[in-house]
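Numbering starts at 1 and runs along the sequence shown.
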Amino acid sequence: HRSLHSHGRWDGGFMKKIAIVITTGRKTIHTIVEMLVNSLQENSLRNTYNIDLIISYDPTYTGLIKEDFYLHKKIEKEFSSVVYLGPGEDGGLEENVKKNISKEMYDILFSPRGYCTQKNRGIIASLKKKADAIIFLDDDEYFVASCKTTFGQLSWLKQDVIGTHAKYIF
């Protein structure tokens, strides 16, 4: 797996750590993460929380390669760390844990393709990062909601998805 280390944000034990796990199999991951970054900036969440981004991808879903999921360095720097996890990875499960579960159990958790396996990898990686909370997003998650104006027209309102979740988690 490919991982970036902290970009020097000091938490001093005061800032809560949030792991945002995005399960994906599509190139739309780039658009979703850019929208996420904009939302974090607009809502001043980067100064409120240490945010790790974990991208758990399945390139076989749409015939991609693992590099298709890697973000631009400029975008990666917006997070405390970025971790990429693909098929065959388990998110960093400790060897002493692996030896205490059966091969069948391990295979159920991490071997089949699909959404649940991607989430399992993300959970393990989040726990390894010592996240205080885990927020899961899909690769079709958008940070806007449609509504009707008082004149009956369709309007799009920006949503603070991460901030709202964090408010009720902490």
Hey, any chance [X] and [Y] share a hydrophobic cluster, counting ILVMFWY side chains that come within less than 4.5 Å of each other, even indirectly?
X      : Y      : result
Ile54  : Ile124 : no
Leu93  : Leu85  : no
Ile75  : Ile18  : yes
Ile169 : Leu45  : yes
Tyr61  : Ile65  : no

Next on the checklist: According to ring pair (Phe, Tyr, Trp, His ring centres under 6.0 Å), does anything in residues 109-131 pair up with another residue at least two apart or in another chain? List the pairs.
Outcome noted: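 Pairs touching residues 109-131 that pass the test: Tyr106-Phe110.
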
Say you draw a straight line from [atom1] of [X] to [atom2] of [Y]; how long is it, rounded to the nearest 0.5 Å?
X      : Y      : atom1 : atom2 : value
Tyr57  : Lys27  : OH    : NZ    : 14.5 Å
Tyr49  : Met15  : OH    : CE    : 9.0 Å
Ser39  : Ile162 : OG    : CD1   : 7.0 Å
Leu71  : Glu34  : CG    : CD    : 8.5 Å
Asn43  : Gln41  : CG    : CD    : 10.5 Å
Asn100 : Glu95  : CG    : CD    : 11.0 Å

Work out which heavy atom in [X] is nearest to a heavy atom in [Y]; give both atom names and the distance.
X      : Y     : value
Pro59  : Lys66 : CB-N, 4.3 Å
Lys77  : Arg46 : O-NH2, 4.2 Å
Glu76  : Tyr84 : OE2-OH, 2.6 Å
Phe143 : Ile32 : CE1-O, 3.9 Å

Next on the checklist: Taking NZ in Lys98 as the centre, count heavy atoms belonging to other residues, nucleotides or ligands within less than 6.0 Å. Is the count above 12?
Outcome noted: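 More than 12 within 6.0 Å, yes.
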
Checklist entry - Got more than 12 heavy atoms from elsewhere within 6.0 Å of NE2, His165? => result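 Atom NE2 in His165 is not packed in, count stays at 12 or less.
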
I want to check something: taking the side chain as every heavy atom from C-beta on, are [X] and [Y] in contact at a cut-off of under 4.5 Å?
X      : Y      : value
Pro87  : Asp58  : yes
Ser146 : Ser155 : no
Val21  : Ile134 : yes
Thr149 : Leu154 : no

Checklist entry - Passes side-chain contact (heavy atoms from CB on, under 4.5 Å), Leu40 versus Glu78? Steps please. => result CA-CA 9 Å; Leu40 296 173; Glu78 296 294 323; over 6 Å; no

Checklist entry - Are Arg26 and Thr62 linked by a side-chain donor-acceptor pair shorter than 3.5 Å? => result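 Side-chain D/A pair, Arg26 to Thr62: absent.
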
Tell me whether [X] contacts the main-chain N or O of [Y] through its side chain, where contact means a donor paired with an acceptor under 3.5 Å.
X      : Y      : result
Asp139 : Gly25  : yes
Gln118 : Ser56  : yes
His30  : Asp68  : yes
Ser102 : Met105 : yes

Next on the checklist: For the residue pair Lys119 and Phe136, would you count it as a cation-pi contact if the rule is NZ or CZ under 6.0 angstrom from the ring centre and within 45 degrees of the ring axis?
Outcome noted: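 That pair qualifies as a cation-pi contact.
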
Checklist entry - When you look at Lys17 and Asp52, which way does the salt bridge (Lys or Arg N to Asp or Glu O under 4.0 Å) test go after all the steps? => result CA-CA 8 Å; Lys17 188 172 206 174; Asp52 294 319; 3.4 Å; yes

Item to check | Leu53/Ser81 under side-chain contact (heavy atoms from CB on, under 4.5 Å): CA gap, chis, key distance, verdict | outcome: CA-CA 6 Å; Leu53 178 63; Ser81 72; over 6 Å; no

Item to check | Audit row: Lys148, Gln153, side-chain contact (heavy atoms from CB on, under 4.5 Å) steps and yes/no | outcome: CA-CA 5 Å; Lys148 269 189 183 175; Gln153 296 175 322; over 6 Å; no

Item to check | side-chain contact (heavy atoms from CB on, under 4.5 Å) involving Ile29 - partner list, sequence neighbours excluded | outcome: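 Expected list: Ile22, Thr24, Val33, Ile55, Phe69.
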
Item to check | CA sep, side-chain torsions, deciding dist, call: Ile51, Ile20, side-chain contact (heavy atoms from CB on, under 4.5 Å) | outcome: CA-CA 7 Å; Ile51 300 175; Ile20 298 174; 3.5 Å; yes

